[in-house]
Amino acid sequence: NSLYSFSTVYELVSIIVFWAVFSLYTHPDITIHHQVLIIFILAIFFTIPNSFLNKLVLTFLLTSGFFYIAAKRGAFLLSSCGWDICSLTIIILIFCSLIVKNINKLQRIQFIDTQALERLSSTDALTGALNRRKYDQDLEKEITRAQRYQLPLSGIMLDLDNFKRINDEYGHLAGDKILVRLCSYIRTLIRKIDQIYRWGGEEFIIILPNTRLKAAEQLANRIQNFLQKADFSPASEVACSFGVTSWNEYELADSFTNRL
């Protein structure tokens with residue numbers, strides 16, 4: 001992480017400057033300088049972004065250097081509370097480490113929960129396909145990318161034929177299973193960069209980044225041929241209607257979708 005690297009270098013330079021200034025004192029007052037040390041420790045732990053391990057290493061380095069210079073200057077001999085200061089510093093280091101570790105743990109949990117909520121808000125609960133809201137967001141992004149880098153962009157819309165008859169004949173649970181199976185089959189035929197979205201009840205759209213119209217038509221034919229032979233029991237067969245289009249330069253998202 002470049003931010004962590006920059007923070008580490010910045011903190012190392014600050015620590016070296018602190019040591020250099022501290023070493024200039026012939027007879028340092030360890031009580032006063034210890035307060036500056038605590039400020040540095042708190043700054044490393046709580047104000048400057050860095051990894052937990054880097055924080056531990058830097059504070060250990062800072063503290064070790066401080067007490068080494070203090071011992072060389074005889075600061076402990078000039079103060080009656082030198083060893084108390086050592087003990088207090090160790091307690092502060094342990095306390096700060098525990099707090100930062102717990103904060104990092106809570107931040108990771110929050111990040112995971114946020115990702116889970118994002119997936120729930122953008123995914124169709126039944127089929128696992130992305131939903132219409134996510135389609136609108138992704139299409140805008142793909143159009144922006146295609147326009148910026150002069151890349152092709154295509155889409156496929158497929159609609160299950162006579163899906164109402166399937167529901168009436170086999171029941172809605174069977175119809176739901178057919179939709180789930182349909183999405184599962186399609187995922188095996190598209191690339192990782194392609195995405196399938198549930199547009200309506202039995203309508204689905206596939207966004208195909210960096211794909212020209214001819215390649216999109218070939219994929220639609222391949223999907224159609226595969227679905228004609230696929231198992232959709234209890235239904236004997238499932239037929240789909242397909243619409244294929246390619247994005248025109250400067251075309252808006254709504255126009256692209258309407259032509260599918």
Side-chain angles (χ1 to χ4, degrees), residues 119 122-260:
R119 282 195 297 270
S122 61
T123 304
D124 176 58
L126 174 64
T127 62
L130 298 172
N131 59 25
R132 187 165 177 169
R133 169 179 168 272
K134 184 64 173 171
Y135 168 80
D136 292 336
Q137 294 174 349
D138 288 354
L139 181 59
E140 290 287 353
K141 292 178 183 177
E142 290 299 335
I143 287 177
T144 300
R145 192 169 73 92
Q147 190 165 343
R148 178 179 299 170
Y149 300 108
Q150 299 296 302
L151 297 173
L153 174 65
S154 298
I156 299 173
M157 175 177 277
L158 60 145
D159 184 8
L160 269 71
D161 297 334
N162 301 320
F163 188 67
K164 184 179 183 303
R165 180 184 60 78
I166 293 174
N167 279 334
D168 293 340
E169 186 174 344
Y170 301 105
H172 288 279
L173 288 179
D176 288 347
K177 290 180 180 178
I178 287 173
L179 292 177
V180 172
R181 207 171 299 169
L182 173 70
C183 288
S184 178
Y185 289 147
I186 291 174
R187 287 192 192 96
T188 64
L189 299 172
I190 62 178
R191 304 167 300 177
K192 288 184 178 180
I193 63 171
D194 303 330
Q195 293 292 348
I196 180 170
Y197 305 82
R198 189 177 184 185
W199 176 255
E202 65 273 13
E203 295 176 316
F204 296 87
I205 293 179
I206 307 170
I207 292 181
L208 305 169
N210 199 17
T211 303
R212 299 190 183 278
L213 180 60
K214 185 177 180 180
E217 291 173 341
Q218 291 173 345
L219 175 60
N221 289 330
R222 191 159 67 250
I223 293 173
Q224 187 175 36
N225 293 333
F226 183 91
L227 295 180
Q228 287 174 350
K229 303 172 184 177
D231 176 23
F232 284 103
S233 56
S236 56
E237 63 177 358
V238 170
C240 294
S241 299
F242 286 80
V244 184
T245 193
S246 186
W247 175 74
N248 296 322
E249 191 173 6
Y250 303 116
E251 183 179 26
L252 298 177
D254 287 345
S255 174
F256 173 84
T257 303
N258 289 335
R259 292 193 297 107
L260 280 171

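Since the model is a prediction, treat every value here as computed from it, not as a measurement.
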Verdict with supporting geometry, I205 and I196, side chain to side chain contact (heavy atoms under 4.5 Å, CB included): CA-CA 6 Å; I205 293 179; I196 180 170; over 6 Å; no

Candidate pair V244 and M157, rule side chain to side chain contact (heavy atoms under 4.5 Å, CB included), full reasoning: CA-CA 6 Å; V244 184; M157 175 177 277; over 6 Å; no

Stepwise side chain to side chain contact (heavy atoms under 4.5 Å, CB included) test for N221 and F242: CA-CA 9 Å; N221 289 330; F242 286 80; over 6 Å; no

Step-by-step salt bridge (charged side-chain N to carboxylate O under 4.0 Å, His left out) determination, R145 to E142: CA-CA 5 Å; R145 192 169 73 92; E142 290 299 335; 3.2 Å; yes

CA sep, side-chain torsions, deciding dist, call: D159, S241, side chain to side chain donor-acceptor pair (under 3.5 Å): CA-CA 5 Å; D159 184 8; S241 299; 5.9 Å; no

Salt bridge (charged side-chain N to carboxylate O under 4.0 Å, His left out) evaluation trace for R191 with D194: CA-CA 5 Å; R191 304 167 300 177; D194 303 330; 2.7 Å; yes

Ring pair (Phe, Tyr, Trp, His ring centres under 6.0 Å) between W199 and F204, worked out: CA-CA 5 Å; W199 176 255; F204 296 87; over 10 Å; no

Test log, rule side chain to side chain contact (heavy atoms under 4.5 Å, CB included), inputs Q224 and C240: CA-CA 7 Å; Q224 187 175 36; C240 294; over 6 Å; no

Audit row: E202, K164, salt bridge (charged side-chain N to carboxylate O under 4.0 Å, His left out) steps and yes/no: CA-CA 9 Å; E202 65 273 13; K164 184 179 183 303; over 6 Å; no

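Put simply, the side chain of S184 never gets that close to the backbone of V180: no donor and acceptor are under 3.5 Å apart. With hydrogens and angles disregarded, a donor-acceptor distance shorter than 3.5 Å links the side chain of T211 to the backbone of P209. Between the side chain of S255 and the main chain of L252, no donor-acceptor pair closer than 3.5 Å is present. Judged by distance alone, with hydrogens and angles left aside, the side-chain atoms of N131 form a donor-acceptor pair with the main-chain N or O of K134 at under 3.5 Å.
Using a 4.5 Å heavy-atom threshold, the side chains of R198 and E203 count as separate. Looking at I156 and L219, their side chains come closer than 4.5 Å, going by heavy atoms from C-beta outward. Two residues are said to be in side-chain contact when any heavy atoms from C-beta on lie closer than 4.5 Å; L227 and V238 fail this criterion. Contact check for S246 versus R212: no side-chain heavy atoms found under the 4.5 Å cut-off. Here the side chains of I207 and L153 are in contact, with some heavy-atom distance below 4.5 Å. With a 4.5 Å cut-off on side-chain heavy atoms, L158 and L182 count as touching. F256 has its side chain out of reach of N248: every pair of non-hydrogen atoms, C-beta onward, lies at least 4.5 Å apart. The shortest side-chain heavy-atom distance between N225 and Q228 falls under the 4.5 Å cut-off.
Taken from OG in S233 to CD1 in I178, the straight-line distance is 8.0 Å, to the nearest 0.5 Å. Atoms CG and CD1, on D176 and I166 in that order, are 11.5 Å from each other to the nearest 0.5 Å. Taking CD1 of I186 as the reference point, atom CZ of R222 lies at 12.5 Å (rounded to 0.5 Å). Rounding to the nearest 0.5 Å gives a distance of 11.5 Å between NE2 of H172 and CG of L179. If you take CD on Q195 and CG on L208, they are separated by 10.5 Å, rounding to the nearest 0.5 Å. Distance check, rounded to the nearest 0.5 Å: CZ of R259 to CG of D254 gives 12.5 Å.
Listed here is the closest heavy atom pair of W247 and Y250: CZ2-N, 3.4 Å. Looking at every heavy atom in both residues, A253 comes nearest to I143 through CA-CD1, 3.6 Å. Heavy-atom minimum distance, N167 versus G175: OD1-CA, 3.4 Å.
Annotation: E237, atom CD; neighbour count of heavy atoms from other residues, nucleotides and ligands within 6.0 Å does not exceed 12. Atom CG of N258 has more than 12 neighbouring heavy atoms from other residues, nucleotides or ligands inside a 6.0 Å radius.
Aromatic ring centres of Y185 and F232 lie closer together than 6.0 Å.
Counted by atom type alone, D124 and T127 present one or more donor-acceptor pairs between their side chains at under 3.5 Å.
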